[in-house]
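This report refers to the structure that appears directly beneath it.
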Amino acid sequence: MSIQLPAPIERYIQIENSGALEAVPECFATDAIVHDEGQTFEGVAAIRNWMVATKKKYGHTVAPLELVEGGGQSLLKARLAGSFPGSPITVNFSFVLAGGKIHSLEIRS
């Protein structure tokens with residue numbers, strides 16, 4: 001069963017899984033904010049650098065499992081697999097979309 005994802009989230013998953021990190025501006029707003037592993041990354045350049053570092057560190061892939069939308073947020077439950085203890089794990093990606101782009105993303109396990 002495939003999950004129908006909003007275009008910016010679908011593009012984010014494609015970028016994560018392909019490693020085509022030069023495409024980050026296609027899905028993130030210029031003033032986007034990401035919260036992950038206790039850190040905050042602001043702006044497309046910082047988000048791209050975070051994605052490069054995490055891909056290098058974990059070599060991970062993201063497989064969407066379930067999407068719930070409401071209250072201005074899109075909550076994606078996904079399987080995250082890579083070179084880290086306990087892999088694979090289920091992770092929650094909380095997206096706020098605006099203007100066809102990701103405005104904020106918070107990742108929680």
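The chain is numbered in sequence order, starting from 1.
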Non-hydrogen side-chain atoms of Asp31 and His103 separated by less than 4.5 Å: yes
Donor-acceptor contact present, side-chain Asn17 to main-chain Val62, <3.5 Å: yes
Smallest separation among heavy atoms of Ser109 and Ile89, with atom names: CB-CD1, 4.2 Å
What distance do Ile102 atom CD1 and Phe93 atom CZ have between them, rounded to the nearest 0.5 Å? 10.5 Å
Any donor-acceptor pair under 3.5 Å linking the side chain of Thr54 with the backbone of Trp50? yes
Are there more than 12 heavy atoms of other residues, nucleotides or ligands under 6.0 Å from atom CZ of Arg108? yes
Identify the heavy atoms of Leu76 and Pro64 that sit nearest to each other, and give their distance. CD1-CB, 3.9 Å
When rounded to the nearest 0.5 angstrom, what is the spacing between CG in Leu97 and CZ in Phe28? 10.0 Å
Under 3.5 Å, is there a donor-acceptor pair between the side chain of Thr90 and the main chain of Ala78? no
So, the side chain of Ser104 versus the backbone of Ile33: is there a donor-acceptor pair under 3.5 Å, distance only? no
Contact between Ser74 and Leu5 at the side-chain level, heavy atoms closer than 4.5 Å - yes or no? no
If I take atom CD from residue Glu10 and atom CG from residue Leu67, how far apart are they, to the nearest 0.5 angstrom? 11.5 Å
Flag yes if Tyr12 and Leu21 sit in one hydrophobic cluster, no otherwise; membership is Ile, Leu, Val, Met, Phe, Trp, Tyr, and two members link when side-chain heavy atoms are under 4.5 Å apart. yes
Kindly work out whether a path of hydrophobic side-chain contacts (I/L/V/M/F/W/Y, heavy atoms less than 4.5 Å apart) joins Val44 to Val52. yes
Backbone N or O of His60 within a donor-acceptor pair of the Lys55 side chain at under 3.5 Å? yes
Approximate separation, where rounding is to 0.5 Å, of Ile107 CD1 and Leu80 CG: 8.0 Å
Considering all heavy atoms of both residues, which atom of Pro88 and which atom of Ala81 are nearest to each other, and what is their separation? CB-CB, 3.9 Å
Nearest 0.5 Å please: distance from the OG1 atom of Thr30 over to the CD atom of Glu42. 12.0 Å
Spell out, yes or no, whether Val91 and Met51 are grouped together once hydrophobic residues are joined by side-chain heavy atoms under 4.5 Å, including indirect joins. yes
Could you please spell out the steps behind the side chain to side chain contact (heavy atoms under 4.5 Å, CB included) verdict for Ile47 and Leu105? CA-CA 10 Å; Ile47 291 168; Leu105 168 59; over 6 Å; no
Closest non-hydrogen contact found for Gly100 with Pro8 is O-CG, 3.3 Å
Nearest 0.5 Å please: distance from the CG atom of Asn92 over to the CD atom of Glu66. 9.0 Å
Please name the residue in the list Arg11, Gln14, Lys101 that meets the side-chain hydrogen bond (donor to acceptor under 3.5 Å, both in side chains) test with Glu26. Arg11
